[in-house]
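Throughout, protein chains are lettered first and strands after them, A, B, ... in sequence-line order, and every chain is numbered starting at 1. Keep in mind that this is a model prediction, so the values were computed, not measured.
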Amino acid sequence: MPSGSARKKIVIFIVGPTAIGKTRLAIKLSKRIKGEIISADSMQVYKYMRILSQAPDASGKKAVRHYLTGSLDPRKEYNVALFRDKASEIIDSLGRRGIMPVVVGGSGLYVRALVDGLFPSEAADPGFRKKMYAFASRYGSAKLHRKLSAIDPRAAELIHPNDARRIIRALEIHRSAGRTMTELKKSTRGLKDKYDIRIFGLTRPRAEIYYDIEKRVDRMFDAGVIGEVKKLSGKRLSRTAKAVLGYKEIAGYLKGKCGLEAAKDEMKVNTRHFAKRQLSWFRPDKRIRWFDVSKMSEKKIIDRIMKEIK
RNA sequence: GCCGAGGUAGCUCAGUGGUAGAGCGCUGCCCUGAAAAGGCAGGCGUGGCAAGUUCGAUUCUUGCCCUCGGCA
């Protein structure tokens with residue numbers, strides 16, 4: 001602990017793969033420390049998607065104040081920068097009120113953007129992107145990649161020639177900022193400069209995660225996801241909202257493209273893939289203190305976290 | 001019981017007289033304004049079982065077992 005000058009305020013993070021129990025644990029922990037929850041989740045922000053996004057229910061939100069859940073209209077886009085701006089604002093204001101923020105989420109990028117920062121850059125330019133994607137599908141993304149090599153060789157090295165999305169974003173940044181992504185990265189600043197960041201990760205053996213995912217998908221159907229998707233499909237969903245796991249699978253079933261079981265199975269597979277990607281995102285981050293929920297009870301994990309933040 | 005088709009990767013299936021391949025799954029990785037998104041890499045195998053022909057059989061032959069369809 002730093003002595004002398006005022007101690008940095010603590011911000012707690014709870015991360016881990018989907019279906020591991022982050023939401024529940026965070027609510028219990030927050031109740032005990034009188035903290036408030038900020039959701040680092042690209043889907044739980046949306047309204048009318050509670051089942052799909054597995055957002056906390058009314059009783060959970062009643063027990064602990066939540067931010068950035070169930071509030072955004074699904075016709076609106078959401079993205080890391082928006083999240084980062086809102087979340088850091090909320091954290092600052094909680095800090096002023098002496099309330100400990102508990103950031104909960106499985107979106108690795110969102111967590112990193114908040115903790116380590118985003119480099120300053122302009123927002124997306126849809127017109128430019130549209131043109132670039134058209135170019136890529138006509139001449140191949142490798143051709144765009146060569147363009148990127150010429151202006152930002154370091155970025156080109158890090159981005160695969162097939163990864164059109166990232167190539168185009170790097171070009172877009174250079175076009176709007178007049179400086180390269182590599183250059184801009186140097187001025188990245190995040191929450192960690194101002195706060196004492198404590199990241200706790202929940203995990204468990206892979207087979208158990210997969211089993212829980214299957215059970216959870218089944219429960220989502222029992223809870224009425226199909227009805228939720230039906231209602232959503234009447235709206236003009238934003239591209240981001242549409243990407244929620246289960247939407248395209250169930251919408252496909254509703255359109256008669258596949259049977260119910262096939263839709264369910266596809267949703268399970270895609271959710272497994274998602275969990276896998278989350279794990280490989282978080283794994284290399286040495287700041288994360290991991291707890292295996294198959295070996296330790298929820299209560300014990302909370303006790304340990306409480307001890308560590310004392 | 002007879003006729004036909006077929007048994008090759010976890011699944012669906014290609015292919016070949018010189019010990020095997022694709023898609024999906026699975027595993028690992030990358031990731032900065034779409035991230036529940038996007039991208040990359042890796043074959044993980046008792047070729048149903050047994051015998052025969054052959055320098056060599058997953059491939060050809062025979063027998064057996066099993067599956068599917070049709071006829072009874």
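Interface remark: the A:Ser280 side chain does not form any donor-acceptor pair with the B:G28 base, using a distance-only criterion of under 3.5 Å. For a distance-only test at 3.5 Å, the side chain of A:Tyr247 fails to qualify as a donor-acceptor partner of the base of B:A37.
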Does the pair A:Arg154 and A:Glu183 meet the rule for a salt bridge (charged side-chain N to carboxylate O under 4.0 Å, His left out), with working shown? CA-CA 10 Å; A:Arg154 176 69 190 138; A:Glu183 222 177 309; over 6 Å; no
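Remark: A:Ser107 is in phosphate contact with B:A36, judged by side-chain N or O atoms under 4.0 Å from OP1 or OP2. Phosphate contact (OP1/OP2 of B:A34, side-chain N/O of A:Lys242, threshold under 4.0 Å): absent. OP1 or OP2 of B:U32 has at least one side-chain nitrogen or oxygen of A:Arg166 nearer than 4.0 Å. OP1 or OP2 of B:C40 sits under 4.0 Å from a side-chain N or O of A:Asn162. Considering only side-chain N and O atoms, A:Arg169 lies nowhere under 4.0 angstrom from the phosphate OP1 or OP2 of B:A34. Remark: A:Arg129 is in phosphate contact with B:A34, judged by side-chain N or O atoms under 4.0 Å from OP1 or OP2.
Checked by atom type, the side-chain pair A:Tyr210/A:Thr271 shows no donor-acceptor distance below 3.5 Å.
When the C1' atom is compared between B:G45 and B:A20, the two are found 9 Å apart, to the nearest whole Å. Distance check on atom P: B:G1 versus B:U61 gives 24 Å, rounded to whole Å. Look at the P atom in both B:G25 and B:G63: the space between them is 42 Å, to the nearest Å. Nucleotides B:A22 and B:C64 are separated by 32 Å at their C1' atoms, to the nearest Å. Taking the P atoms as reference points, B:A14 lies 12 Å from B:A9, given to the whole Å. A gap of 15 Å separates the C1' atoms of B:U19 and B:U54, to the nearest Å. Here the separation of B:G28 from B:G43, taken at their C1' atoms, is 14 Å to the nearest Å. Nucleotides B:U12 and B:C29, compared at atom P, are 30 Å apart to the nearest Å.
With a 3.5 Å ceiling on both atom-pair distances, B:U19 lacks any Watson-Crick or G-U wobble partner. Using the Watson-Crick or G-U wobble rule with both distances under 3.5 Å, B:A14 pairs with nothing in any strand shown. In this entry B:C60 has B:G52 as its Watson-Crick or G-U wobble partner, both defining distances falling under 3.5 Å. Under the Watson-Crick or G-U wobble criterion, with both distances below 3.5 Å, B:C2 is paired with B:G70. Base pairing of B:G45: no nucleotide in any strand meets the Watson-Crick or G-U wobble criterion (both distances under 3.5 Å). Using the Watson-Crick or G-U wobble rule with both distances under 3.5 Å, B:G33 pairs with nothing in any strand shown.
Salt-bridge check for A:Lys194 with A:Asp92: passed, with a basic side-chain N closer than 4.0 Å to an acidic carboxylate O. For the pair A:Lys215 and A:Asp212, the salt-bridge criterion is met [side-chain N within less than 4.0 Å of a carboxylate O]. Between A:Asp163 and A:Arg165 no salt bridge is recorded (no basic side-chain N to carboxylate O distance below 4.0 Å). Ion pairing between A:Asp303 and A:Arg32 holds under the 4.0 Å rule for side-chain N and carboxylate O. Under 4.0 Å is where a charged nitrogen must lie from a carboxylate oxygen, and between A:Glu172 and A:Lys131 no such pair does. With respect to A:Asp285 and A:Arg112, no salt bridge is recorded, no charged nitrogen being found less than 4.0 Å from a carboxylate O. Salt bridge status for A:Arg289 with A:Glu308: present, with a side-chain N to carboxylate O gap under 4.0 Å.
Counting any heavy atom pair closer than 4.0 Å across all strands shown, A:Ser121 reaches a base atom. Among the heavy atoms of the strands lying under 4.0 Å from A:Tyr210 are primed sugar atoms or P, OP1, OP2 only; no base atom is included. If you check every strand for non-hydrogen atoms under 4.0 Å, A:Arg272 touches sugar and phosphate atoms only. Within 4.0 Å of A:Ser42, counting heavy atoms only, lies at least one base atom of the nucleic acid. At a threshold of 4.0 angstrom between heavy atoms, the contacts of A:Asp41 include nucleobase atoms, whether or not backbone atoms are also involved. Note on A:Phe83: nothing from the nucleic acid sits closer than 4.0 angstrom, heavy atoms only. Within 4.0 Å (heavy atoms only), A:Leu52 reaches at least one base atom of the nucleic acid.
When rounded to the nearest whole Å, the span between NZ of A:Lys268 and C1' of B:C26 equals 17 Å. We find that CG of A:Leu114 is positioned 15 Å from C1' of B:A35, with the value rounded to whole Å. Here B:C24 presents its P atom at 17 Å from CG of A:Asp265, a figure rounded to the nearest Å. The separation between A:Gln278 atom CD and B:A37 atom C1' is 12 Å, rounded to whole Å. Following rounding to the nearest Å, A:Glu157 (CD) and B:C31 (C1') show an atom-to-atom distance of 16 Å. As a whole-Å value, the separation of A:Ile159 CD1 from B:C31 P is 10 Å. Straight-line distance from the NE2 atom of A:His273 to the P atom of B:U27: 8 Å, rounded to whole Å. In this structure, A:Phe282 places its CZ atom 13 Å from C1' of B:C31, rounding to the nearest Å.
Listed nucleotides B:G33, B:U32, B:A36 differ in distance to A:Ser53; the shortest reach to its side chain belongs to B:A36. Distances were taken from every side-chain heavy atom of A:Val80 (C-beta onward) to each of B:A35, B:U32, B:G33; the shortest belongs to B:G33. Out of B:G38, B:G33, B:C40, the shortest distance to the side chain of A:His160 is found at B:C40. Comparing atom distances between the A:Arg283 side chain and each of B:A36, B:G28, B:C31 picks out B:G28 as nearest. Proximity note for A:Ala124 (side chain, C-beta onward) versus B:G33, B:A36, B:U32: the nearest is B:G33.
Ranked by how close their nearest RNA chain B nucleotide is to the 5' end, A:Arg277 and A:Arg206 are led by A:Arg206.
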